[in-house]
Amino acid sequence: MTVSATGPDTAGGQAASPASLSALLAPIFRSHWPRLAFGFLALVAVDFLQLIIPWFVKSAVDGLAAQTATEARLIELSLYVLAVAVVVAGLRFVWRYLIIGFSRILEKKLRDQLFGHLVRMDQPFFERWTIGDLMAHASNDLATVQMACGMGLVAAVDSLVMSAAALGFMLAINIKLTLIALLPMPVLIVCTRVLSGRLHHRFNLVQEQFSLLTEFSRATLISIRLIKAYTLERFQEERFRSLGETYVRSNLKVAAIQGLLFPIATLVGNVGMLLLLYYGGGLVIDGQISIGAFVAFISYLYMLIWPMMAVGWVANLAQRGITSLRRIHHLLAQRPVVETGRFMPLPQNLPAIYACRALSFTYPSATRPALAGLELTIGPGLVGMTGRTGSGKSTLAKLLLRMYPVADDMLFFKGIDVNRLGQADIRAHIAYVGQEPVVFADTVAANIALGCPGATMEEIEAAARAAAIDADISGFTEGYQTMIGERGVTLSGGQRQRLALARALLCDRPVLVIDDALSAIDVETEQLVLHGLLERLRGKSVLLISHRINVLRHADRIVILDAGRIVAEGCHQTLLTNPLYRAMAEKQQRHA
């Protein structure tokens, strides 16, 4: 079977329709609508209260101009302004807490959804997407969406309400003066439309550059010992500096557009103010409007300048938010190549045996099959497997774990086609130890108990003894509570392998797959490990992949693979007549 896969192209993310993007956010908005409703009510109330203040100022100025104002009246108007200011301050806290708080909740829910989606994806997905790109989605893209759904949404509603209300008050004062003050507005609309389209493309490039920078940083840090060993520090610094310069250049292109939007909006507002001073001053001189009305009109125009400036800012946030949301949507739209859905229940009373029937498999980037017509039964008992590098051994282990899809009627578990069984059901029966043992920055005990969180210390120690690592752990400063460094840097290769083996043994599952996981262990320790394994694995189905004859000789049956096919099969003594197996045995005996 050939696995087909497509890479994480951003064009696919850009093709998402507005309906599909809104469907991603709609459930979160619906579940928090009371919070948003009260938040926006507070926001609208703040806008209208601010619009009342110029009327108090107008009344005071007209009274002063007509010399009818009294001290009591001015104090009264001042108290009104103070009361409105206090209420505005309180309501501003309310809408910020409710709406900005909602944007953080939305970010958290999207992050949870994204993380849950990633951990459910299969192996082909992680071969197409770099960790740096996934981290960029979970950091920069989510932060941008949060900003757009927080301050961006606030600015959009605020500018819409404020501009509509301010226009209403301006029209109530003088219609002709209002039209004159708004003459420059079409310039802002045209400029915003043109620049926003360019902003979308350039911001998408920024996010892609951030992904490359993040992935390079991650790859460098996890392989820091290798880089130091080859004295590549300066070389990596130069490469990182080059990627950083490209990222900065992309950001500067975005900043250039942002730098145009705000000045244009400000210029439009100030041109409107210039027209107001010229024509409005003439109306005051002609006595068509009062000085108080003119002062109030200027206040309302200043309030209108903020929405004009906000147009550019909102357009910027909206375009960046949409770009990031499309990238997130594209990632969430990815589906595992291995089928998922409803499957028949896995029988519990049948032996956990695998059967390969003409099993064939080809990797997406390969031209030749990794497995070709494989006929094999695994279990019960210990099945050893060996062969040249690239013969298909690890590929078979991955297929048993359902990391890649297989065609129907090629792979069976408990006599049932694996495509009719749930992946989780199959994996719940399997313990796996890979070529590169995974160790987390946690305690030794927590690492061993990873697959069995409820295990007691007695069970953890028993598994460690079976994997012949208990003595090593006892020599650590804090024993089983010793913290292991990131990726197990404080452990030797053999210790990491035995720790991973103890983790698998603790799970006590009916199937165990060991993929060359004893390669870093010395011969003496190897025999201790094998003794512990044989004691704990009676009655189970075990696939032991190894190049070591001393390990394979304990198997009930040994299979030799070559180019994805079985070329020999039998016990240790029988296979000594096989040229490849005999050559391996003689070579290892000479170097023993």
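Keep in mind that the numbers below use all heavy atoms, side chains included, and drop hydrogens, waters and symmetry copies. In what follows, residues are counted from 1 in the order of the sequence shown.
- Ring geometry for W129 against H137 counts as perpendicular: the plane angle is over 60°, on a 0 to 90° scale with 30° as the lower cut.
- H117 contributes a side-chain N or O that, together with a main-chain N or O of Q334, makes up a donor-acceptor pair within less than 3.5 Å.
- Legend: residues meeting side-chain hydrogen bond (donor to acceptor under 3.5 Å, both in side chains) with Q113, ordered by chain and number and at least two apart, are absent.
- The closest donor-acceptor contact from the side chain of R509 to the backbone of R427 lies under 3.5 Å.
- Using modelled atom types, no side-chain atom of S324 and backbone atom of G321 make a donor-acceptor pair closer than 3.5 Å.
- Between atom CZ of residue R582 and atom OG1 of residue T577 there is a gap of 7.5 Å, rounded to the nearest 0.5 Å.
- Around atom CE of M121, more than 12 heavy atoms belonging to other residues, nucleotides or ligands sit under 6.0 Å away.
- For the pair P124 and R128, the minimum side-chain heavy-atom distance is below 4.5 Å.
- The closest side-chain donor-acceptor pair between N419 and R402 falls under 3.5 angstrom.
- Counting only distance, with no hydrogens or angles, the side chain of R120 and the backbone of G116 share a donor-acceptor pair below 3.5 Å.
- Of all heavy-atom pairs between A397 and I545, the closest is CB-CD1, 4.1 Å.
- No donor-acceptor distance shorter than 3.5 angstrom exists from the side chain of S546 to the backbone of L552, with no hydrogens or angles considered.
- Partners of L350 under the side chain to side chain contact (heavy atoms under 4.5 Å, CB included) rule, at least two apart in sequence or in another chain, are P347, K414.
- To the nearest 0.5 Å, atom CG of residue L543 and atom CG of residue L376 are 7.5 Å apart.
- Looking at D417, its side chain never comes within 3.5 Å of a backbone N or O of D408 through a donor-acceptor pair.
- Annotation for I460 and A445: closest pair CD1-O, 4.0 Å, computed over non-hydrogen atoms.
- Of the possible polar contacts, none joining the R557 side chain to the E569 backbone as a donor-acceptor pair under 3.5 Å is found.
- Surrounding CZ of R357 are more than 12 heavy atoms belonging to other residues, nucleotides or ligands, all under 6.0 Å away.
- S103 OG to M147 CE: the interatomic distance, rounded to the nearest 0.5 Å, is 9.0 Å.
- Contact annotation: the side chain of F412 never approaches that of V418 to less than 4.5 Å [non-hydrogen atoms, C-beta and beyond].
- Among all heavy-atom pairs drawn from V529 and A467, the shortest one is CG2-O, 3.5 Å.
- Considering only residues two or more places apart in sequence or on other chains, H429 meets the ring-ring contact (aromatic ring centres under 6.0 Å, His included) condition with F413.
- Between L499 and Q495, the closest side-chain pair of non-hydrogen atoms is not below 4.5 Å.
- Side-chain contact check for C356 versus M410: every heavy-atom pair is 4.5 Å or farther apart.
- The shortest side-chain heavy-atom distance between L533 and L382 does not fall under the 4.5 Å cut-off.
- Of all non-hydrogen atoms in I448 and A464, the two that sit nearest each other are CD1-CB, 4.2 Å.
- Donor-acceptor pairing under 3.5 Å is lacking for the side chains of Q209 and T246.
- At most 12 non-hydrogen atoms from other residues, nucleotides or ligands lie less than 6.0 angstrom from CZ of F240.
- Side chain of N578 to main chain of Y581: a donor-acceptor pair is present (N/O by atom type, distance under 3.5 Å, no hydrogens or angles).
- For the atom pair CG (L110) and CD (E107), the distance works out to 8.5 Å, reported to the nearest 0.5 Å.
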Assess the residue pair T386 and M584 against the criterion (side chain to side chain contact (heavy atoms under 4.5 Å, CB included)); give the C-alpha distance rounded to whole Å, side-chain angles, the decisive distance to 0.1 Å, and a yes or no. CA-CA 10 Å; T386 191; M584 290 171 59; 3.2 Å; yes

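- L134 places a side-chain heavy atom less than 4.5 Å from the side chain of L118.
- The closest donor-acceptor contact from the side chain of K393 to the backbone of D515 lies at 3.5 Å or more, if one exists at all.
- Contact detail for A352 and P510: the closest heavy-atom pair is CB-CB, 3.8 Å.
- Side chain of Y432 to backbone of L401: no donor-acceptor contact under 3.5 angstrom is found.
- Taken from OG in S250 to CZ in F210, the straight-line distance is 13.0 Å, to the nearest 0.5 Å.
- Side-chain contact between I430 and Y354 is present, with at least one heavy-atom pair separated by less than 4.5 Å.
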Does the pair V542 and I378 meet the rule for a side chain to side chain contact (heavy atoms under 4.5 Å, CB included), with working shown? CA-CA 7 Å; V542 184; I378 301 172; over 6 Å; no

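- Within the 4.5 Å cutoff, side-chain heavy atoms of D562 are placed close to those of R388.
- The ring-ring contact (aromatic ring centres under 6.0 Å, His included) search around Y480 returns none, not counting sequence neighbours.
- Each salt bridge (charged side-chain N to carboxylate O under 4.0 Å, His left out) pair with one or both residues in residues 456-481, not counting sequence neighbours, appears once here: D472-R498.
- A donor-acceptor contact under 3.5 angstrom links the side chains of T220 and Q236, judged on distance only.
- Taken from CG in L530 to CG in N550, the straight-line distance is 8.5 Å, to the nearest 0.5 Å.
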Applying side chain to side chain contact (heavy atoms under 4.5 Å, CB included), run through L325 and L25 and close with a yes or a no. CA-CA 9 Å; L325 190 60; L25 300 179; 3.7 Å; yes

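- The two residues S360 and G373 make their nearest non-hydrogen contact at OG-N, 2.9 Å.
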Determine whether L512 and L544 satisfy the following criterion, side chain to side chain contact (heavy atoms under 4.5 Å, CB included), listing intermediate values before the conclusion. CA-CA 8 Å; L512 176 62; L544 177 59; over 6 Å; no

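- The neighbour count for R111 CZ, taken as heavy atoms of other residues, nucleotides or ligands under 6.0 Å away, is above 12.
- Within a 6.0 Å sphere centred on NZ of K109, heavy atoms belonging to other residues, nucleotides or ligands number 12 at most.
- Within the structure, ring pair (Phe, Tyr, Trp, His ring centres under 6.0 Å) contacts touching residues 452-472 (residues at least two apart or in different chains) do not occur.
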